[in-house]
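Comments concern the structure below.
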Amino acid sequence: MKQTLYLISIFILTTSFNPKSWGFFGHKRINRLAVFTLPQEMLPLFKTEIEYLTEHAVDPDRRRFVVPTEGIRHYINLDKWAFLPQEKVDAQILHTDIFVVGEKRDTSLLVDFQTIRKQKRDYYLKSKSIKKIFGRDSIVVTDSSFRRFFFNNLSKIQPDEPLSISPDSLLSFFKKEKLRPLSTAENGGIKAVFAKDKLSQHGILPYHLQTIYRQLVQAFVSKNKNLILKYAAELGHYLADAHIPLHTISNYDGQYSNQNGIHAFWESRLPELFADNQYDFFVGKAGYIEQPRSYFWNIINQSNRLSANTLRIEKEVSAQFEVDKKYCPEMVNGFEVQKQCFDFAKAYHDRLGGMVEEQMRRAILAVGSVWYSAWVDAGQPDLSNLKNTPLSKEEEKEQKEADEKIKNGGKILGRTEAY
Ligand SMILES: [Zn+2]
């Protein structure tokens with residue numbers, strides 16, 4: 001019994017932290033090789049700290065054991081949206097539901113995706129509540145006041161958690177447009193207002209890349225060594241995720257097409273088998289990115305265009321192999337696990353025609369270019385004598401907690417769909 005328990009705990013220890021998204025191997029390799037694309041002036045920090053940047057390339061996956069809202073930062077299911085604005089606040093305005101609670105405690109929807117329409121620089125709102133509150137079928141709100149309202153009141157909105165805001169802020173937002181609520185003039189009969197986030201339900205990867213990019217620029221500006229390294233390592237992770245076709249669709253693990261396991265097959269098994277011997281990782285020098293926002297979106301759209309072939313080719317190759325020729329036992333940390341056999345993997349890899357190598361190469365160059373651009377945007381600070389700033393207590397606590405949970409076979413919190 002004791003022996004069994006011991007074996008079980010070892011099993012949990014060795015298998016519970018099995019990050020997808022390029023796996024350990026790919027993420028570490030991408031961050032490491034990105035250092036060699038950088039200009040001379042950045043090397044005093046980046047070359048010296050290459051081990052940190054390599055090791056911490058997987059921190060965002062580790063954080064998923066501690067922070068429930070981490071998961072959605074690693075993917076975006078583009079097939080779930082007909083259209084998404086590139087800038088986060090524009091997307092939030094369209095995909096946040098706002099409810100009002102009336103004097104009789106009756107809750108009604110004020111704004112949601114169905115009742116809001118953008119035309120040129122204005123938003124048109126049309127709902128039953130609008131009619132009830134303002135006595136008009138529809139009202140117009142300018143883009144700039146909607147944005148201001150969002151920044152002032154809804155910037156802290158979290159997925160799956162309604163955020164309550166003051167009724168006054170809603171009224172002042174409409175008053176700017178010279179709209180006055182009906183009924184009791186001052187409070188419009190509104191007792192409470194709350195909002196629900198809808199944007200993050202299918203992942204927020206392109207928006208999170210913009211957030212971390214800004215944080216990295218700020219870290220360079222303040223010449224904070226620890227923060228530069230932290231955000232650089234993490235930006236490398238999310239940017240590498242953005243190069244994986246299956247991080248951009250809801251059928252991310254072939255679960256809707258009877259191809260379960262294709263996620264790890266494409267992004268972990270294939271690079272582990274073929275990267276060292278076959279891939280050419282000489283990708284040239286990092287370049288300056290004029291518009292990071294559209295750059296991130298282009299990467300994600302390009303990955304998305306590869307997703308159909310990623311799935312279709314696996315299906316075709318898979319049909320040519322008997323089940324017992326597809327999975328072969330392999331020893332991992334002293335345990336036998338079933339993995340795709342070499343011949344099966346090679347057939348898939350060959351038919352993909354260099355796709356995995358190309359995406360890895362693109363990821364390396366993108367990580368280097370984004371690090372370089374953030375440094376340029378910060379005014380090219382001298383990186384040779386930076387202050388050592390210890391991590392904040394909060395960050396230290398989070399890292400320790402993640403270590404503990406992973407060691408003790410903890411579970412990923414929040415959404416588990418894509419890594
Ligand atoms: Zn990830």
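In what follows, every heavy atom counts, from backbone to side chain, and hydrogens, waters and symmetry copies are set aside. Both counts, for ligands and for their atoms, begin at 1 and track the order of listing.
Using a cutoff of 4.0 Å between basic side-chain nitrogens and carboxylate oxygens, Lys198 and Asp97 are scored as salt-bridged. Using a 4.0 Å cut-off between a side-chain N of Lys or Arg and a carboxylate O of Asp or Glu, Arg73 and Glu70 qualify as a salt bridge.
Nearest to the Zn ion (ligand 1), among the N, O or S atoms that His237 has, is NE2. Counting just the N/O/S atoms of Asp241, the one with the shortest distance to the Zn ion (ligand 1) is named OD2. Its N, O or S atom nearest to the Zn ion (ligand 1) is what matters here, and for His74 that atom is ND1.
For residue His247, no N/O/S atom approaches the Zn ion (ligand 1) to within less than 2.8 Å.
In this structure, Lys28 is positioned above the aromatic face of Phe24, its NZ or CZ under 6.0 Å from the six-membered ring centre and within 45° of the axis.
We find the CD1-CG distance between Ile93 and Leu199 to be 11.5 Å, quoted to the nearest 0.5 Å.
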